[in-house]
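Each remark here refers to the structure printed beneath this line.
The structure presented is a predicted model; accordingly, all values stated were derived computationally and were not measured. Quick note on labels: first sequence line is chain A, next is B, and so on, each numbered from 1.
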Amino acid sequence: YLQASAKYISQCIDEIKQELKQDNIAVKANAVCKLTYLQMLGYDISWAAFNIIEVMSASKFTFKRIGYLAASQCFHEGTDVIMLTTNQIRKDLSSPSQYDTGVALTGLSCFVTPDLARDLANDIMTLMSHTKPYIRKKAVLIMYKVFLKYPESLRPAFPRLKEKLEDPDPGVQSAAVNVICELARRNPKNYLSLAPLFFKLMTSSTNNWVLIKIIKLFGALTPLEPRLGKKLIEPLTNLIHRFSVSVLISLSSGMPNHSASIQLCVQKLRILIEDSDQNCEFLSVPAPGACVALGLSIPHDSPVGLARAPACSIDMLYQGFWPVTRPGARTGASGASEGPGALAPPFQVLSVWPGAWGWGSAHVTPVAGRPAHRALLVRRHLQEPQQTLEAMLRPKVTTLPGHIQAVYVQNVVKLYASILQQKEQAAEPEAAQDVTQLMVERLPQFVQSADLEVQERASCVLQLVKHIQKLQAKDVPVAEEVSALFAGELNPVAPKAQKKVPVPEGLDLDAWINEPPSDSESEDEKPKAIFHDEEQRHAKQRQPEAEEEELARRREARKQEQANNPFYIKSSPSPQKRYQDMPGVEHIPVVQIDLSVPLKVPGKYLHRRGVKAKRDRETQTLKQAPGSQLAAQSPTRGSNSRTASPAAPEGSSVHDGVPVPFQLPPGISNEAQFVFTIQSIVMAQKLKGTLSFIAKNDEGSTHEKLDFKLHFSCTSYLVTTPCYSDAFAKLLESGDLSMSSIKVDGISMSFQNLLAKICFHHHFSGKASDVAGRWGGFTRGEKSVSVDGKCSDATLLSNLLAEMKATLAEC
Amino acid sequence: MIKFFLMVNKQGQTRLSKYYEHVEINKRTLLETEVIRSCLSRSNEQCSFIEFKDFKLIYRQYAALFIVVGVNDTENEMAIYEFIHNFVEVLDEYFSRVSELDIMFNLDKVHIILDEMVLNGCIVETNRARILAPLLILDKMSESI
């Protein structure tokens with residue numbers, strides 16, 4: 001049959017060659033068509049490349065199409081006649097018939113070479129804005145291929161591509177999304193700026209496939225931009241509720257670390273896993289990392305695992321299954337507990353694959369690690385422990401990382417124990433001795449390991465094995481004892497468990513084992529010290545503090561810590577609170593209150609009265625240095641001004657004072673923040689206050705006052721917001737803005753400096769070139785500057801301009 | 001993106017093949033045989049997605065014909081699965097109850113349809129009317145000649 005068909009085919013090829021020599025284009029086209037079919041069967045037709053090009057250049061669409069088809073099937077970068085197609089393709093691309101263009105684009109996508117890409121990039125770019133969406137779609141998609149072959153074309157084409165994301169035709173839009181997703185997959189950083197646009201698309205698009213692509217894209221972007229993850233949570237949660245299956249799968253792989261959304265995902269995925277459709281099941285066994293993150297449990301008897309296993313590599317298999325813990329558990333890569341049931345599937349697989357233990361390759365490294373030791377608990381279920389043991393003891397194992405080797409050693413012993421048992425039960429003492437000999441031979445390679453743990457374990461085991469060997473020589477059955485070594489489950493110990501172990505009576509963990517170099521403090525204080533959690537962190541704080549000074553200092557530190565919290569305003573401190581150690585009071589930021597500057601007192605007044613001071617047992621002088629020794633604990637009076645009020649504590653009236661929540665020992669500075677709500681911003685505000693405090697020294701205490709004034713100019717309320725040109729134009733056009741202007745003469749400063757000064761003092765933003773488009777118009781005259789402003793509130797505007805005038809007058 | 005699109009029958013004969021990434025001609029036949037072998041060895045309970053070398057295969061069986069699409073990992077498997085069905089529905093509409101013979105005898109038309117649907121490895125059109133429009137016009141043109 002084969003011979004006959006080969007003969008027939010070579011006959012046909014000869015026929016075709018004859019047909020190609022003829023002038024009739026229809027005949028040629030037919031021949032090329034036949035060639036396409038042959039090519040599909042596996043026969044090389046590259047000898048006919050020139051003829052194919054001839055047919056491509058046919059004017060009739062049907063023939064042209066055949067030519068392009070053949071070209072797309074068999075042309076590739078190595079085809080040297082491709083250059084001849086450039087002009088033809090260009091002609092077709094600019095053809096009035098959209099189908100001609102279409103077919104050219106389609107065909108081109110299969111065989112575009114860097115040269116072709118370079119030559120045709122411009123043409124294709126213009127096609128992206130073709131009137132027909134049919135063409136636009138194709139052009140957008142082919143641009144991706146062009147970018148791949150000729151990367152320099154990306155830059156000029158990119159803005160157009162971005163535009164296509166908002167194309168009215170949904171087909172073009174999804175094509176653009178496709179292309180950008182592919183591009184972003186390769187280089188996510190560059191496409192972060194597109195995130196807001198995609199966000200908008202995601203929330204507005206109804207096309208599921210587009211959504212899926214966008215979500216995948218976000219999955220790639222979120223690792224780079226953590227804030228993006230947070231923003232995505234809400235819309236993604238909505239999507240999960242709306243859709244199923246495919247969206248979920250891509251979501252689960254791209255999900256940021258948010259427990260609520262992960263929970264939701266897990267719920268839905270669990271439903272999917274149990275779905276009868278095996279496709280759904282398959283997809284819902286997510287990729288390794290996602291599985292780990294989601295802490296999924298997989299049903300034991302699921303055929304999914306087995307179906308997937310043959311195609312997976314071993315490490316994927318393990319990573320996909322091992323982190324599985326009890327259902328509902330939400331631990332990290334290796335939880336502290338193991339669910340015995342969940343380990344079932346891999347056992348089945350491994351029994352099918354005893355050869356799976358023949359790891360000699362790099363597959364091991366990603367697998368092993370924490371899952372490895374659990375993987376090797378499989379020993380009891382293995383059918384071929386002997387083979388496994390030999391595989392594990394191979395010299396290549398020593399190339400693995402230390403911690404993995406340690407695990408290996410441990411498990412080698414377990415395997416050994418079970419083999420021994422097997423052999424002894426089967427009454428094969430020689431086999432048992434052989435195994436022991438194997439161990440003796442192979443263990444030394446671990447003993448020589450650089451890793452300490454491996455060395456230690458290996459030497460222990462080696463000694464044990466040698467001992468066993470001796471016993472075996474005397475025909476003493478050892479298997480029972482060796483297995484007994486591994487009897488019983490050792491549950492993992494939490495790292496903090498040691499701390500919770502109560503100290504037995506009379507045991508003093510801190511006592512010196514040797515002769516203490518200095519006087520030790522009273523014994524009974526130390527056991528208490530052990531139970532103070534905070535103190536365990538400070539290794540140097542072994543000496544107990546019985547002195548009052550130390551206690552007082554701690555209390556002070558606590559107060560300062562509270563003071564640094566701007567929202568903490570306490571009315572009466574309680575000395576009974578526990579204080580934590582502070583890193584050092586010198587590190588607290590200092591605001592110097594300069595007492596020596598006299599304060600002006602115009603305008604409305606705000607009084608803060610000190611009433612009482614909090615006193616403790618400190619006996620420190622307070623007047624050593626100016627500016628930093630205030631021991632004021634004072635409720636203060638609220639404001640009299642109509643338009644400003646401090647954030648007073650709950651329940652206090654407007655006239656109460658606001659307490660300053662700290663005291664200052666000598667040499668200490670501190671800072672407190674007080675929050676004011678301004679009710680009107682259209683005029684400048686002046687806030688006057690009085691800080692009352694009590695200074696205490698050896699002789700006694702004196703009540704002092706400190707007046708101050710705060711001026712809030714109108715411009716201090718200005719917040720710069722970005723305003724884009726069209727929004728700004730709309731703003732200017734709208735009729736409800738009042739206009740005002742000022743003019744200041746006699747300016748000596750340069751314009752740039754002046755502008756900078758204005759911007760700085762009055763919280764504007766802008767550059768000289770932008771200025772005309774911004775807040776006001778700065779017209780430049782002979783050493784005089786005029787400022788025009790528009791604002792929705794006339795009062796605010798006039799105040800603002802007045803302030804600016806004042807600033808300008810200084811220039 | 002889609003790497004290749006194959007239609008192979010149970011005997012292993014390729015009825016249609018389209019590659020969106022260049023593959024050497026001798027490697028193609030090899031690839032096709034391997035692909036069809038993995039598809040044929042699947043049972044009914046197993047899912048339609050196979051991991052094969054560095055792509056994923058998504059296949060659907062229609063009578064004696066397997067349609068296999070190879071994709072890389074950015075593609076959504078379910079989407080491609082539905083796409084295969086969409087393609088078959090388009091063929092069905094054009095050929096009225098399409099059979100393997102139709103595909104064999106009208107290979108170029110099937111290619112036209114496929115090219116309307118997939119461009120450069122991406123799905124570009126799924127609307128039946130729009131896909132068939134150029135083909136119907138073409139037919140009219142050729143009839144009128």
Between chain A and each of [options], count heavy-atom pairs under 4.5 Å; write down the option with the most.
options	answer
B/Leu119, B/Val118, B/Thr29	B/Leu119
B/Val124, B/Ile137, B/Asn127	B/Val124
B/Glu82, B/Glu32, B/His111, B/Lys53	B/His111

Which bit of [X] is near chain A, if near means a heavy-atom gap under 4.5 Å: side chain, backbone, both or neither?
X	answer
B/Ile112	both
B/Asn72	side chain
B/Arg130	side chain

Side chain to side chain, [X] and [Y], heavy atoms closer than 4.5 Å:
X	Y	value
A/Leu41	B/Gln13	no
B/Cys122	A/Tyr144	no
B/Lys18	A/Ser72	yes
B/Arg28	A/Gln39	yes

> Looking at A/Thr36, A/Ile66, A/Val112, A/Leu69, which one has more heavy-atom pairs under 4.5 Å with chain B than the rest?
Replying inline: A/Leu69
> For A/Tyr43, is it the side chain, the backbone, both, or neither that has a heavy atom closer than 4.5 Å to a heavy atom of chain B?
Replying inline: backbone
> What part of A/Glu182 is in contact with chain B, defined as an atom under 4.5 angstrom from a non-hydrogen atom: side chain, backbone, both or neither?
Replying inline: side chain
Determine the minimum heavy-atom distance between [X] and [Y], stating which atoms define it.
X	Y	value
A/Phe75	B/His22	O-ND1, 4.4 Å
A/Lys138	B/Glu116	NZ-OE2, 3.8 Å
B/Thr14	A/Met40	O-CE, 3.2 Å

>> As an exercise, state the distance from SG of A/Cys33 to CG of B/Leu107, rounded to the nearest 0.5 Å.
In response: 7.0 Å
> Nearest 0.5 Å, what's the OG1-CE distance between A/Thr106 and B/Met117?
Replying inline: 13.5 Å
